[in-house]
Amino acid sequence: MLDLKAIRSEPEKFLRLLEAKGAAENLNRLLDLDYQRRQLVTKTDELKSLRNRVSDEIARLKRAGAAAEDKIKEMKSVSLQIKEQDEQIRSLEEQIHQILITLPNIPHASVKIGRSAADNEVVKIWGEVPTYDFPLKDHLDLAENLGIIDFKRAAKISGTGFPLYVGDGAVLERALVNFMLDFHRKKHGYREVFPPFLVNRDSAFSTGQLPKLEEDMYLTSEDDLFLIPTAEVPVTNIHRDEIIPENKLPIKYVAYSGCFRREAGSYGKETRGLSRVHQFNKVELVWFTIPETSYDVHEKLLQDAEEILQALNLHYRVVSLCSGDLSFAAAKCYDIEVWAPGTGKYFEVSSVSNFEDFQARRANIRYRRSGDNRVGYVHTLNGSGVATPRLMIALLETYQTDEGTIVVPEALQPYTGFSLIKTTV
RNA sequence: GGAGAGAUGGCCGAGCGGCUGAAGGCAGCUGCCUGCUAAGCAGUUGUAUCGUUAAAAGCGGUACCCCGGGUUCGAAUCCCGGUCUCUCCGCCA
């Protein structure tokens, strides 16, 4: 959520930046409603002040045994007026709120203004496109031949987009998750949490999924709980409605979770294989920081996520998203895209975002400054570290051999207990 | 799923329809005292919002005792609805 007071004081700036994200239409109406509200609040507070004073007088008169009928009568009509104006204020606040919750975050000054993914910039390339002296298979062929992912039976069980990992495939998937959790916990000092996979509306609102992206989530109708699309949602909400002492910051969590996405509207494209699925596994990194350091942390977070791919020796590039491609809540975002040689494409395996105080405002996560004891909103950041399905694609396709087997990267071998995946059926 | 109990400030805890933003205690901060520490004494300490201000501080107003309604000139206190927590029973990995 944006700061209404900030919008009020610099409306032109917000107009310009919201346009850069393609979402400026309601701004003037918002400012008008805000003005009306403030006028009415001032008027109504004066009436309340009057009522409080006279009510005290009435109490004094009654205690002294004097009559107060005329004052009571007068206050009766004042109270009625207060009630009417309070209702108007409530209505104005509701309208303001409705606009405010649909306004996206504004891009940071370092973010390029652009319309779509075509305007994104590659800011880093790590490693080189690997070369092979035999014809490459894509992950679908490899997985099917090796019998490590059973898409057919998965479709029978749940439908398309719900991978069923089998045998060494299941072990490999689990190994990836454990490897990444340990990596961030031990090497980067994150605190591990294991969050709930279903969340309530307040939690989904806080991180920005609601109200605009409700249809992207699975909803359990009986209990009105959402299946999480990312661990970002429960983990960010750990500190909802809290005031954190500054000396406790930064706080950094690493969490594994299953992730569930309806991917409504994306039928027909990329529906085969692992590239776009309804359920997947992801290790997520979440930071809470003071505002002054959040952009340094953003770079650090990116680096932490990159190191996973480096440890697995996978070629990747980093893309800085332009304003038009930023998600609803993000002020700045890097995508990490890993190379899949069999498919011949880069796949996004991580999104590393700084939300500044946008989520903190929605979630009411504040901190108390050590110096002057004042409270302010924290900055929240998160990044995938990383998501497995596309990592699996890159892994299978990068480490395939001309026999169709898969060499397990050294870093993973302690977790798999084997170094080669070959046909077992 | 059934039955019962509860929700007050950073924490514990009192609270009669007006004199309660809220007693008392703890913790924190500031002074005083003390060779140091402890103890003692005095003062102080929430959040949001509106106004004043270029802005902040400060000052003034308003609201907030789980949430939402109601009764009343006036509600932490009375009434109704909801949420959450705890205990017991049932079911259950």
Side-chain angles (χ1 to χ4, degrees), chain A residues 1-13 30-97 100-101 194 196-206 210 220 222-226 234 237-249 251 258 291-292 357 360-378:
Chain A
M1 202 144 58
L2 296 173
D3 181 5
L4 184 53
K5 273 187 273 185
I7 300 176
R8 194 189 293 154
S9 63
E10 294 181 284
E12 327 72 32
K13 174 185 154 190
L30 179 70
L31 288 168
D32 181 50
L33 289 167
D34 174 52
Y35 178 75
Q36 286 183 46
R37 177 187 158 272
R38 281 181 295 137
Q39 296 279 307
L40 199 56
V41 164
T42 304
K43 260 171 59 187
T44 308
D45 278 359
E46 277 165 13
L47 283 181
K48 285 179 179 173
S49 176
L50 173 71
R51 181 178 68 183
N52 286 345
R53 278 201 311 278
V54 177
S55 285
D56 281 351
E57 260 178 69
I58 291 169
R60 270 202 301 280
L61 288 170
K62 288 213 157 180
R63 248 174 291 144
E69 295 316 312
D70 51 335
K71 287 196 192 304
I72 289 178
K73 205 176 158 200
E74 190 192 337
M75 284 310 102
K76 205 168 186 142
S77 82
V78 169
S79 272
L80 209 66
Q81 202 181 339
I82 289 171
K83 198 175 164 184
E84 278 169 20
Q85 295 185 3
D86 270 344
E87 263 158 38
Q88 289 176 42
I89 290 169
R90 201 161 37 229
S91 155
L92 286 168
E93 282 175 347
E94 180 55 27
Q95 294 175 64
I96 289 167
H97 183 71
L100 219 44
I101 61 174
F194 207 133
F197 290 1
L198 274 74
V199 296
N200 58 30
R201 282 186 180 271
D202 286 343
S203 295
F205 173 80
S206 293
L210 292 180
T220 63
E222 280 300 297
D223 300 294
D224 207 35
L225 294 171
F226 293 95
N237 276 278
I238 289 173
H239 296 294
R240 170 147 54 87
D241 293 320
E242 290 184 11
I243 300 177
I244 304 165
E246 182 177 342
N247 62 24
K248 290 267 180 9
L249 296 171
I251 296 171
E292 290 80 1
D357 64 5
R361 214 172 271 287
R362 291 168 92 90
N364 195 30
I365 306 170
R366 294 172 292 174
Y367 74 105
R368 190 177 299 281
R369 278 206 297 253
S370 305
D372 54 12
N373 262 349
R374 305 187 69 76
V375 294
Y377 289 102
V378 301

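In what follows, chains are A, B, ... by sequence order, proteins preceding strands, each numbered from 1. Values in this document were obtained by computation on a predicted structure and should not be read as measured data.
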Checklist entry - Do any side-chain nitrogens or oxygens of A:S79 fall under 4.0 Å of OP1 or OP2 in B:C73? => result no
Item to check | A:T42 versus A:E46, side-chain donor and acceptor atoms under 3.5 Å | outcome: no
Next on the checklist: What is the distance, to the nearest angstrom, from the CG atom on A:D223 to the C1' atom on B:U83?
Outcome noted: 15 Å
Checklist entry - What is the nucleic acid contact for A:R8, judged by heavy atoms within less than 4.0 Å: base, sugar-phosphate only, or nothing? => result sugar-phosphate
Item to check | C1' atoms of B:G74 and B:A63, separation to the nearest Å | outcome: 16 Å
Checklist entry - What is the distance, rounded to the nearest whole Å, between atom OH of A:Y35 and atom P of B:G51? => result 10 Å
Checklist entry - Looking for any heavy atom pair under 4.0 Å, which part of the strands does A:V78 touch: base, sugar-phosphate only, or nothing? => result nothing
Checklist outcome for this item: Considering only heavy side-chain atoms of A:S49, the closest of B:G61, B:G74, B:U49 is B:G61
Checklist entry - Atom CG of A:D224 and atom C1' of B:G82: how far apart are they, to the nearest Å? => result 15 Å
Next on the checklist: Rounded to whole Å, please give me the gap between CD in A:Q39 and P in B:C50.
Outcome noted: 12 Å
Checklist entry - Looking across every strand, which nucleic acid part, if any, lies under 4.0 Å from A:K43 by heavy atom: base, sugar-phosphate, or nothing? => result nothing
Item to check | Presence of A:R90 side-chain N/O under 4.0 Å of B:A63 phosphate oxygens OP1/OP2 | outcome: no
Checklist entry - Considering only the C1' atoms, how many Å lie between B:C78 and B:C16, rounded to the nearest integer? => result 13 Å
Item to check | Atom-pair distance (CG on A:N52; C1' on B:G17), nearest Å | outcome: 15 Å
Next on the checklist: By the 4.0 Å heavy-atom rule, please label A:K71 as base, sugar-phosphate, or nothing.
Outcome noted: nothing
Item to check | Touch class at under 4.0 angstrom, heavy-atom based, for A:K62 against every strand present | outcome: base
Checklist entry - Considering only B:U62, B:G74, B:C50, which nucleotide approaches the side chain of A:R51 most closely? => result B:G74
Checklist entry - To the nearest angstrom, how far is A:I82 atom CD1 from B:C73 atom P? => result 13 Å
Checklist entry - At under 4.0 Å between heavy atoms, what does A:R37 touch on the DNA or RNA strands: base, sugar-phosphate, or nothing? => result sugar-phosphate
Checklist entry - To the nearest angstrom, how far is A:R368 atom CZ from B:C29 atom P? => result 14 Å
Checklist outcome for this item: Taken to the nearest whole Å, CZ/A:R53 to P/B:C19 is 16 Å
Next on the checklist: Side chains of A:S203 and A:N200 only: does a donor on one sit below 3.5 Å from an acceptor on the other?
Outcome noted: yes
